[in-house]
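Residue numbers run from 1 in the order of the sequence given. The basis for the numbers below is simple: all heavy atoms, side chains too, and nothing from hydrogens, waters or symmetry mates.
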Amino acid sequence: MKNKLQSFETYRGFAALMIAAVHFNVNSPLSNHSLANGLFVHFFFTLSGFVMYLNYHNKLIDFSSVKKFLKKRFFRLYPLHLLFLIIFLIIEVSKYFAQIKYGLVANNEAFSINNFKTFLGNIFLIQTFFDYNTFNTPSWSISAEYYTYMIFALVFFCMKKNNLFIFISLVGILVFRINSETGLGIENTYLSFLDCIYCFFIGVFSCKIYFKYSNFEIFQKYYSIITLILLVVSGLLIINIGGKFSFIIPLFFGLLLIFSANLKNENILGKIICNKFFVYLGSISYSIYMCHLFVFWCLTQFLRFVIKQDTIVDENGITKLDLSISEANIMVVTSYTLTIILSHLLYNYFEKRFYKPS
């Protein structure tokens, strides 16, 4: 099991770094590239569904086991979310006093978006249903995922023969979403929740397929080559496919996970993907995901108010640092470095206090 999941850890780490690139909003080719794409959040959802089924498909047998599962998931997600919610609340208070005392007005005026209502929404993990993202904006996915865990536990507790129900539900969500006005990747309103359910249960079905076919000789012989092909295809789909067609992408995510689960450190692809450093990035990926926006904000304020870096106002009226490409590259590298260092500390000295990796 350990070897099987090493590839998944590397995927988590890479996905978290690509999502961070989306929020490192400077004119650097290190962050402004085609793979800096929010669809990697939906890869997280698909991977999560695969792993949840892998570990819990035969354990949710009574109310006690369901309660234990949801409690474990809660303490995996909520403490770090709460920590950064408090940090961003402190930032909002600081913005208010800077505005009152020094006349410094942020791009988003203090408490205009991050207010009491949205704070309560984040406290109760319902922020994914709001019309816009607030506080630590990547946390919308934490909201969507936790309630998807509840549905997963309910389905597997109540219905042992659940394949047809899940399949019909996925088709229903797919038809509804294709006929809506947005493609896969929306980060707010109930649609973001539906997208999470859709991707998660594709991951569940992918794990079912893996259990059934992974011992076949043809699978054992060609899984490494197929994994490489699916990595390339998945990347090309993320870069090139949008709108209604984007809903096929999680299907390829699921296929990628099916064939990647057997990757071991025994061939060229396995040695690359199961590299210890890459695997460790996956271990700290939740911290990377949750802290990168804070790191980038702090670095921006340091350059703006301490170093006195020049700023510009873009076409949307947003004040940004005026950086050359080389300066922007240095900022992105620094942001990644500080994010990884902070994530290492958070994982070892905060996350593990509430959640013990199994």
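Here the CD1 atom belonging to I312 is positioned 7.5 Å from the CG atom belonging to N27, to the nearest 0.5 angstrom. Note that the OG1 atom of T311 and the CD1 atom of I318 stand 12.5 Å from one another [nearest 0.5 Å]. Residue M290 holds its CE atom at 10.0 Å from CZ of F350, rounded to the nearest 0.5 Å. F74 CZ to H81 NE2: the interatomic distance, rounded to the nearest 0.5 Å, is 9.0 Å. Put simply, CG on L321 and CG on D310 are 9.5 Å apart, with the number rounded to the nearest 0.5 Å. Note that the CE atom of M52 and the CG atom of N55 stand 6.0 Å from one another [nearest 0.5 Å].
The aromatic rings of F43 and F40 lie perpendicular to each other, with more than 60° between the two planes, well past the 30° mark. Between F294 and F88, the ring-plane angle classifies as perpendicular under the 30° and 60° cut-offs. Using bins of under 30°, 30° to 60° and over 60° for the plane-to-plane angle, the ring pair Y149/F200 lands in the perpendicular bin.
A heavy-atom distance below 4.5 Å is found between the side chains of R304 and T319. Counting heavy atoms from C-beta outward, Y11 and F44 have side chains that stay 4.5 Å or more apart. Side chains of L191 and F176 form a contact here, defined as non-hydrogen atoms less than 4.5 Å apart. Contact check for H42 versus L39: side-chain heavy atoms found under the 4.5 Å cut-off. Side-chain contact between D62 and V66 is absent, with no heavy atoms from C-beta onward closer than 4.5 Å. L231 is listed as a side-chain neighbour of T227, based on a closest heavy-atom distance under 4.5 Å. You'll find the side chain of R177 reaches within 4.5 Å of the side chain of T182, heavy atoms only. Side-chain contact check for Y223 versus L263: some heavy-atom pair is nearer than 4.5 Å.
Heavy-atom neighbours of I218 CD1 from other residues, nucleotides or ligands within 6.0 Å: at or below the threshold of 12. Counting non-hydrogen atoms of other residues, nucleotides and ligands closer than 6.0 Å to NZ of K68 gives a total of 12 or fewer. Atom CD1 of I307 has more than 12 neighbouring heavy atoms from other residues, nucleotides or ligands inside a 6.0 Å radius. Around CZ of F165, the count of heavy atoms belonging to other residues, nucleotides or ligands within 6.0 Å does not exceed 12. Within a 6.0 Å radius of CD1 in I178, more than 12 heavy atoms belonging to other residues, nucleotides or ligands are found. Counting non-hydrogen atoms of neighbouring residues, nucleotides and ligands closer than 6.0 angstrom, the NZ atom of K160 exceeds 12 such neighbours. More than 12 non-hydrogen atoms from other residues, nucleotides or ligands lie less than 6.0 angstrom from OH of Y132. Residue Y213 places its OH atom among 12 or fewer non-hydrogen atoms of other residues, nucleotides or ligands, all under 6.0 Å distant.
A centroid separation of less than 6.0 Å is found between the aromatic rings of F219 and F259. Between F296 and F24, the distance separating the two ring centers is shorter than 6.0 angstrom. A ring-centre distance under 6.0 Å is not found for Y198 and F45.
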> After noting the C-alpha distance and the side-chain angles of E351 and S287, does the key distance pass the side-chain hydrogen bond (donor to acceptor under 3.5 Å, both in side chains) rule?
Replying inline: CA-CA 8 Å; E351 285 190 63; S287 284; 2.3 Å; yes
>> Between H57 and F211, does the ring pair (Phe, Tyr, Trp, His ring centres under 6.0 Å) criterion hold? Intermediate values first, please.
In response: CA-CA 11 Å; H57 69 281; F211 277 149; 5.0 Å; yes
> Would F193 and Y190 satisfy ring pair (Phe, Tyr, Trp, His ring centres under 6.0 Å), going step by step from the backbone distance to the final call?
Replying inline: CA-CA 5 Å; F193 180 49; Y190 71 96; 9.3 Å; no
> After noting the C-alpha distance and the side-chain angles of S48 and E145, does the key distance pass the side-chain hydrogen bond (donor to acceptor under 3.5 Å, both in side chains) rule?
Replying inline: CA-CA 9 Å; S48 183; E145 189 160 354; 2.6 Å; yes
>> Could you go through S343 and Y289, starting from their C-alpha distance and side-chain angles, then the distance that decides it, and tell me whether this counts as side-chain hydrogen bond (donor to acceptor under 3.5 Å, both in side chains)?
In response: CA-CA 9 Å; S343 298; Y289 183 75; over 6 Å; no
> Does the side-chain hydrogen bond (donor to acceptor under 3.5 Å, both in side chains) test come out yes or no for T134 and N122, once each step is laid out?
Replying inline: CA-CA 8 Å; T134 59; N122 277 267; 3.0 Å; yes
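The nearest pair of heavy atoms linking I186 to W140 is O-CH2, 4.0 Å. The shortest heavy-atom contact between A144 and S192 is CB-O, 4.3 Å. Residues S206 and L255 share a closest heavy-atom pair of OG-N, 4.4 Å. Considering all non-hydrogen atoms of both residues, T46 and G254 come closest at CG2-N, 3.9 Å. Between I272 and F278, the shortest heavy-atom distance links the atoms O-CD1, 3.1 Å. Residue F247 comes nearest to L174 through the heavy atom pair CB-CD1, 3.5 Å, listed as atom of the first residue, atom of the second, then distance.
Side-chain atoms of Q127 and T118 form no donor-acceptor pair, as typed in the model, at a separation below 3.5 Å. A donor-acceptor contact closer than 3.5 angstrom links the side chains of H344 and Y280.
Screening F156, F152, F201 for a ring-ring contact (aromatic ring centres under 6.0 Å, His included) with Y53, the sole residue that qualifies is F156. Just one residue in the list I284, I288, L342 forms a side-chain contact (heavy atoms from CB on, under 4.5 Å) with Y347, and that residue is I284.
Within the structure, salt bridge (charged side-chain N to carboxylate O under 4.0 Å, His left out) pairs that include any residue of residues 91-104 comprise E92-K95 (at least two apart or interchain).
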